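The basis for the numbers below is simple: all heavy atoms, side chains too, and nothing from hydrogens, waters or symmetry mates. Just so it is clear, the structure is predicted and the values come from calculations on it, not from any experiment.
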Amino acid sequence: MTDPNTTVIEGRRADTGRRVRLVASGGIVASMEETESSGKAASGSDELWIAPGFVDLQINGYGGEDINLTGADMHRRVETVKRVVRAVLASGTTSFCPTVITASFEQMKDCMTAVRLACEQDELTASAVVGIHMEGPYISGENGPRGAHPAEHVRDPDWAEFNVWQEASGGRIRLVTLAPERPGAAAFIRKLTEAGIVAGIGHTAADHDHIAAAAEAGARMSTHLGNGAHPQLPRHPHYIWSQLAEDRLAASVICDGHHLHPSVVNVMHKVKGDALLLVSDAVHLAGLPPGTYRTHVGGQVELLPSGRLHMVENPNLLAGAAVGLADCVGRFSQMTGSPLATAVAMATDRPARLLGCTGIGTLEIGQAADAVTFRWNAEAGKLDVQAVYKRGRLVGPERHGDSASDTRE
C-alpha cells in the first residue's frame, strides 16, 4: 500500500535536464533517484519538467485579493492574506514576501498586523510567507521615481516608526526598499543591516554618490531595477547606470514583457550575472479580466489584454504587474536566450539565498518538498504550470490566472 503521507513527483529537472523520481515525506524531500541514465534534455513542449517552487520577493496581491487592502476590519484583512497565499501557491510560487507599500502609519501597521495574524492562525500561510517586503514609505517623492505610490505618505526614514511596524509584524519584515537620497537613509540602512534585514534601493532619484554610500552602509540589492524611474534620464551618470555598476548590489527585475524592453533585460543579465533575480511585483489585479479598475494606489488603472497594467491618467506609467513569477521565468528565457536552468535559478535559489532562507529554492534531499511541475515551450517563452506542491502536499493542480497569461502580445 502507498503511504498517504508520502508524495511521489516525477519530471525532468530544470537544472540538470535529467528525469527524476522524487519522494516527499514529512514535508521534505526524502529521496530522489534518476529514472534514466541519459542526461539528454527533451525539447518537446509535452515534456513534464520539475523545479523547486518559485520564490518571489515582491507580491502585492493576486487573483483580486490585495495585501494592501484599505477600509477593512482586521478579520477581513487577515482572511485576505490567507486567500492571497492560496492564489499565489496555485500559480507555482511556493514562498513569497507579501509586499506592504507606502501609506499612512496606521494603514501600514494594519497590513503588517494582518500578515502576522494570518501566519499565526494558518499553517499554510506561515509556511509560504518567508518575510514581509516593506516597499516605502521612505522613497523619492518625485514624479516618475515615486511610481504609483501616494505622494502624501512619502517621508524620510524613521527608525522608531519602523520598529513599531516590525513589532506589529512579529519580526517578519525582512526586506525594505527605500531611496538612499532621503535624509538619514544611510544611517537607516546600517541599522537594517545590523538587524539582519535586507536593504534594497528603489523608487529613487539618487545621484551616484548616494548609491555608493548606500552600498557602503550595507544595501544589498536594487528593487525592480529600471522601473520606478523618470521617463527620461541624463545620458550619464544616472541612478540606473550607477546601480548596474555597483558590484555590491544584486538586482531584481520584472520580466513580464512590459516593465523592461528585452534589450534592457539582456544588458542587466550580462552585467549582473548570478546577482540578477526575478520578481513578479504582482498586484491584486493579476489574473483578472482586462478592463479599467479603480485602486487605492494609482487611482484608475487599465489592464490590457496583453497583461500590461498602467495608470489611466498617464498610460506611460505602469501600475504594477499583472502576471505571476512563472510567466516571468518563461519570458526571461525567451528574451535573453538563456537556458531554462538559468531562468529557474533566478526565481528560486537566488532570491532564497539573498533573503537568507534555508531549506527552499533547491531540489535536494533534506530540503523542503516545495516543487512545481510544468510544460515548457521555449520558442513561445511559455511555462505552463501543471502541479504545485508545498511541503509535499498538492496545492495547485491548476494555473491561477490563465486568462491573463494567455492574452499576450
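- Here the side chain of Gln166 pairs a donor or acceptor atom with the backbone of Arg172 at under 3.5 angstrom.
- Using a distance-only test at 3.5 Å, with no hydrogens or angles considered, a donor-acceptor pair links the side chain of Asn266 to the main chain of Met335.
- Here the SG atom belonging to Cys255 is positioned 13.0 Å from the CG atom belonging to Asp281, to the nearest 0.5 angstrom.
- Trp49 and Phe374 have parallel rings, their planes meeting at less than 30° on a 0 to 90° scale where 60° marks the start of perpendicular.
- Of all non-hydrogen atoms in Gly200 and Leu175, the two that sit nearest each other are N-CD1, 4.4 Å.
- The closest side-chain heavy-atom distance from Val20 to Ile50 is below 4.5 Å.
- Side-chain contact annotation: Gln107 with Ser104, donor-acceptor N/O pair under 3.5 Å absent.
- Residues Thr94 and Ile360 are not in side-chain contact: their nearest non-hydrogen atoms beyond the backbone lie 4.5 Å or more apart.
- Here the CG-NE2 distance, from Asp274 to His269, works out to 9.0 Å after rounding to the nearest 0.5 Å.
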Given Phe96 and Phe54, is the side-chain contact (heavy atoms from CB on, under 4.5 Å) satisfied, shown in steps?
CA-CA 8 Å; Phe96 74 103; Phe54 300 127; over 6 Å; no
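- Two residues are said to be in side-chain contact when any heavy atoms from C-beta on lie closer than 4.5 Å; Pro290 and Leu304 fail this criterion.
- The 12-atom threshold is not exceeded at CZ of Arg76, counting heavy atoms of other residues, nucleotides or ligands nearer than 6.0 Å.
- Not a single donor-acceptor pair under 3.5 Å links the side chain of His230 to the backbone N or O of Gln232.
- Put simply, CG on Asp156 and CZ on Phe188 are 11.0 Å apart, with the number rounded to the nearest 0.5 Å.
- Taking CD1 from Ile240 and CG from Leu233, the interatomic distance works out to 5.0 Å, rounded to the nearest 0.5 Å.
- By the 4.0 Å N-to-carboxylate-O rule, Lys82 lies close enough to Glu79 to be salt-bridged with it.
- Within the 4.5 Å cutoff, the side chain of Val100 has no heavy atoms near those of the Glu135 side chain.
- Atom OH in Tyr239 sits 10.5 Å away from atom CG in Leu225 (nearest 0.5 Å).
- Using a distance-only test at 3.5 Å, with no hydrogens or angles considered, a donor-acceptor pair links the side chain of Arg77 to the main chain of Leu69.
- Looking at Gln334, its side chain does come within 3.5 Å of a backbone N or O of Glu379 through a donor-acceptor pair.
- When the shell of 6.0 Å around CD of Glu216 is examined, it contains 12 or fewer heavy atoms from other residues, nucleotides or ligands.
- Ion pairing between Arg86 and Asp122 holds under the 4.0 Å rule for side-chain N and carboxylate O.
- When atom types are taken as modelled, the side chain of Ser140 and the backbone of Glu142 share a donor-acceptor pair closer than 3.5 angstrom.
- Between Asp66 and Asn60, the side chains place no donor N or O within less than 3.5 Å of an acceptor N or O (distance only, hydrogens not considered).
- Of the inter-residue distances, the one linking Cys119 atom SG with Ile132 atom CD1 reads 7.5 Å to the nearest 0.5 angstrom.
- Residues Glu302 and His310 bring a donor and an acceptor atom of their side chains to less than 3.5 Å of each other.
- With no hydrogens or angles considered, no side-chain donor-acceptor pair links Gln300 and Glu313 at under 3.5 Å.
- Residues Leu303 and Gly307 approach most closely at CD1-O, 3.9 Å, considering heavy atoms.
- Using a 4.5 Å heavy-atom cutoff, the side chains of Met221 and Leu354 are in contact.
- A side-chain N or O of Asp207 and one of His210 form a donor-acceptor pair less than 3.5 Å apart.
- Using a 3.5 Å distance cut-off with no hydrogens or angles, the side chains of Ser222 and Gln243 do pair a donor with an acceptor.
- Nearest heavy-atom pair, Ser91 versus Val385, reported as atom, atom and distance to 0.1 Å: O-CG2, 3.4 Å.
- Applying the salt bridge (charged side-chain N to carboxylate O under 4.0 Å, His left out) test between Glu47 and each of Arg19, Arg375, Arg13 identifies Arg19 as the sole match.
- A side chain to side chain contact (heavy atoms under 4.5 Å, CB included) with Leu309 is found for exactly one of Val283, Asp256, Val323, namely Val283.
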Evaluation steps, side-chain contact (heavy atoms from CB on, under 4.5 Å), between Leu178 and Ile201
CA-CA 5 Å; Leu178 73 162; Ile201 296 173; over 6 Å; no
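- No donor-acceptor pair under 3.5 Å is formed between the side chain of Arg220 and the backbone N or O of Leu249.
- Remark: Glu194 does not engage Arg190 in a salt bridge, criterion side-chain N to carboxylate O under 4.0 Å.
- Checked by atom type and distance alone, the side chain of Thr7 never pairs as donor or acceptor with a backbone atom of Ala24 at under 3.5 Å.
- Sparse packing is recorded around CD of Glu167, with 12 or fewer heavy atoms of other residues, nucleotides or ligands lying under 6.0 Å away.
- Remark: the backbone N or O of Gly330 is not paired with any side-chain donor or acceptor of Lys382 at under 3.5 angstrom.
- For Val253 against Leu276, the heavy-atom pair with the smallest separation is CG1-CD1, 3.8 Å.
- Shown here for Leu288 and Gly63, the closest heavy-atom pair between the two residues is CD2-C, 4.1 Å.
- Atom CZ of Arg393 has 12 or fewer heavy atoms from other residues, nucleotides or ligands within 6.0 Å.
- Atom CG of Asp73 has more than 12 neighbouring heavy atoms from other residues, nucleotides or ligands inside a 6.0 Å radius.
- Looking only at atom types and distance, the side chain of His203 has a donor-acceptor partner in the side chain of His224 under 3.5 Å away.
- For Thr342 (side chain) and Ser338 (main-chain N/O), no donor-acceptor pair under 3.5 Å exists by modelled atom type.
- Of the N and O atoms on the side chains of Asp56 and Ser280, at least one donor lies less than 3.5 Å from an acceptor on the other residue.
- When all heavy atoms of Ile173 and Ile197 are compared, the pair lying nearest together is O-CG1, 3.6 Å.
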So Arg331 and His258, side-chain contact (heavy atoms from CB on, under 4.5 Å) or not? Walk me through it.
CA-CA 11 Å; Arg331 294 184 188 190; His258 305 291; 4.1 Å; yes
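- Between Phe162 and Trp165, the gap from one ring centroid to the other reaches at least 6.0 Å.
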Tyr293/Val312 under side-chain contact (heavy atoms from CB on, under 4.5 Å): CA gap, chis, key distance, verdict:
CA-CA 9 Å; Tyr293 297 87; Val312 170; over 6 Å; no
